[in-house]
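Here is the structure we will look at, set down as structure tokens.
Note: hydrogens, waters and symmetry copies are ignored here, and every other heavy atom, side chains too, is used. Proteins come first, then strands; the chains are lettered A, B, ... in the order of their sequence lines, and each starts at number 1.
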Amino acid sequence: MNELFKVATWNVNSLRVRLEQVLAWLTSHQPHLLAVQETKVENQHFPVELFKRAGYHVLYNGQKTYNGVACISRLPMQNEVTFLPDFDDTQRRILVTNIGTLRIVNIYVPNGSSLDSEKFIYKLRWLKQLKIYLQQELSLHPNLIVLGDFNIAPEDKDVHDPQIWQGKVLVSPEERQALSDILALGLKDSFRLFNNEPHQYTWWDYRAGAFRRNHGLRIDHILSSNALIPQCITCEIDKEVRLWEKPSDHVPVIATYQNIS
DNA sequence: ATGGTTGGCTTCCAA
């Protein structure tokens, strides 16, 4: 693995609906690994053969109707984990695996619904347990990548209109603190290593012409462990796919790493 | 403009 290693995350909002788009995107971008979220497909219905024919290995952790994550990889994957340890949960939101010396944590963080809901309490509990888990993972695997739909915009500059979003889920101080606590373990928001501009979004509401107006949020992230920072050479958002017919409301984030040994 | 859109085995819920 001495050449470039290209990693991407994409909340596809139903893998079945987006299957042609995912296959087309793999062909045009040729990532080594694509982590997807909101597959909404049970494991027995996962389209393994389609990806195999396209030259990819797959791991999946899905359920009916909601949630679900999967890893689509050029290289074989090992040591799969499909649950957050010490957290009683029926929702399929995490998939962890090794590719060579890389440890990859693919997550779909709970949305949280609204600040006064039970779902918000569940989101904060989930993030707290994720932090405990990532601390253990980092001690075992220095080359750690945590990527997925975090459902948190880290700063106001990741929000199209912070005034409108004041007091709403995805931007609250509690959620941002939970993300900060995770970063403090020794992880960095890869996108911000290369781009400090505002208005760089990964999600736009389907409603009210939000994409056309660029009314979005940056809530999908690729975190790189400190050991990987020198090797991370690009991190970009692929806005193009939001212009496709029947797009997901999220777009891919792509990072490249060099000299992974 | 307090609306609007998408996916899912649905007549509403989640995002």
Using the C1' atom in both, what is the distance from B/dT10 to B/dT6, to the nearest Å? 14 Å

In whole Å, what separates the P atom of B/dC12 from that of B/dT2? 24 Å

Look at all strands and tell whether A/Arg212 reaches a base, only sugar-phosphate, or nothing, counting heavy atoms closer than 4.0 Å. nothing

Criterion salt bridge (Lys or Arg N to Asp or Glu O under 4.0 Å) on A/Asp205 and A/Arg213, from CA distance to verdict: CA-CA 11 Å; A/Asp205 199 299; A/Arg213 297 164 196 230; over 6 Å; no

Short side-chain donor-acceptor distance under 3.5 Å, A/Tyr257 and A/Ser224: yes

Would you tell me whether A/Thr202 and A/Asp220 have side-chain atoms, one donor and one acceptor, within less than 3.5 Å of each other? yes

Using the C1' atom as the point on both nucleotides, what is the distance between B/dT11 and B/dA1, in whole Å? 28 Å

Output the rounded distance in Å from NE2 (A/His215) to P (B/dG4). 17 Å

Pair A/Asp158, A/Gln200: side-chain N/O donor-acceptor within cut-off below 3.5 Å: no

Taking only the P atom of each, what is the distance from B/dC13 to B/dC9 in whole angstrom? 16 Å

In sequence, state the C-alpha distance, the side-chain angles, and the governing distance for A/Arg218 and A/Asp189, and then conclude on salt bridge (Lys or Arg N to Asp or Glu O under 4.0 Å). CA-CA 11 Å; A/Arg218 194 173 68 88; A/Asp189 177 355; 2.7 Å; yes

At under 4.0 Å between heavy atoms, which parts of nucleotides 6-15 of chain B does protein reach? Answer with one letter per nucleotide, 5' to 3': B base, S sugar-phosphate only, - none. SSSS----SB

For A/Asp156, which residues count as a salt bridge (charged side-chain N to carboxylate O under 4.0 Å, His left out) partner, sequence neighbours excluded? A/Arg176

